[in-house]
Amino acid sequence: MRFSFLFRLIGALLYGFIGYELAVAFLGTFELTSSSAPIICGATLVGAVLGFLLTPWLVIAPAKAARNGLRNIPMADLLAGAIGLIIGLLIATLLAYPISRLPPPFGTILPFVGVIIFGYLGMTALVT
């Protein structure tokens with residue numbers, strides 16, 4: 001891929017942010033004091049380095065495999081799958097608000113589950 005270095009930088013930024021958030025959650029403070037600054041900066045740096053090093057295996061290799069797999073699928077099936085996915089996501093969007101009004105554990109989890117289920121069902125209904 002031509003954008004491998006760009007993907008590596010994006011991975012470094014993302015994992016650096018994850019390292020920062022983990023350090024802040026571990027310390028319980030956002031303030032950079034003399035005792036918390038080395039931990040937060042170190043976790044951010046470790047996350048960025050890990051992101052830069054692991055991005056080829058976490059992003060680039062799966063993207064190449066997906067690209068190669070999509071080349072073997074007929075255009076009619078791709079178009080039908082995309083249209084079915086859009087229809088399924090529209091149905092999930094219409095149902096998300098009423099489902100979100102359910103009591104706390106269900107109202108936060110079920111809209112996301114509905115998006116996945118209806119998107120998948122819409123896609124498979126039009127492809128098969």
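FYI, side chains are in, hydrogens and waters are out, and symmetry mates aren't considered; it's all heavy atoms of this structure. All residue numbers refer to positions in the sequence shown, counting from 1.
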Anything under 3.5 Å between a donor and an acceptor, one on a side chain of residues 40-63, the other on a protein residue two or more places apart or in another chain? List them.
unit_1 : atom_1 : unit_2 : atom_2 : d
T44    : OG1    : I40    : O      : 2.8
T55    : OG1    : G51    : O      : 2.3

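Nearest heavy atoms, A92 versus V115: CB-CA, 3.7 Å. The nearest pair of heavy atoms linking G69 to I73 is O-CG1, 3.6 Å. Here the closest non-hydrogen pair linking A23 and I39 is CB-O, 4.1 Å.
Hydrophobic clustering (side-chain heavy atoms under 4.5 Å, transitive across Ile, Leu, Val, Met, Phe, Trp, Tyr) keeps L9 apart from L14. There is a path of hydrophobic side-chain contacts, each under 4.5 Å, that joins L102 to L95. Using a 4.5 Å cut-off between side-chain heavy atoms of Ile, Leu, Val, Met, Phe, Trp and Tyr, with links allowed through other members, L27 and Y20 fall into the same hydrophobic cluster. The hydrophobic cluster containing I99 does not contain L89, counting ILVMFWY residues as joined when their side-chain heavy atoms lie under 4.5 angstrom apart, directly or transitively. Hydrophobic cluster membership differs between L90 and L110, with clusters built from Ile, Leu, Val, Met, Phe, Trp and Tyr side chains linked at under 4.5 angstrom.
Here CG of L94 is found 10.0 Å from CZ of F118. Values are rounded to the nearest 0.5 Å. Taken from CD1 in I117 to CD1 in I91, the straight-line distance is 13.0 Å, to the nearest 0.5 Å. Here CE of M123 is found 11.5 Å from CG of D77. Values are rounded to the nearest 0.5 Å.
Without hydrogens or angle criteria, N68 side chain to K64 main chain gives a donor-acceptor distance under 3.5 Å.
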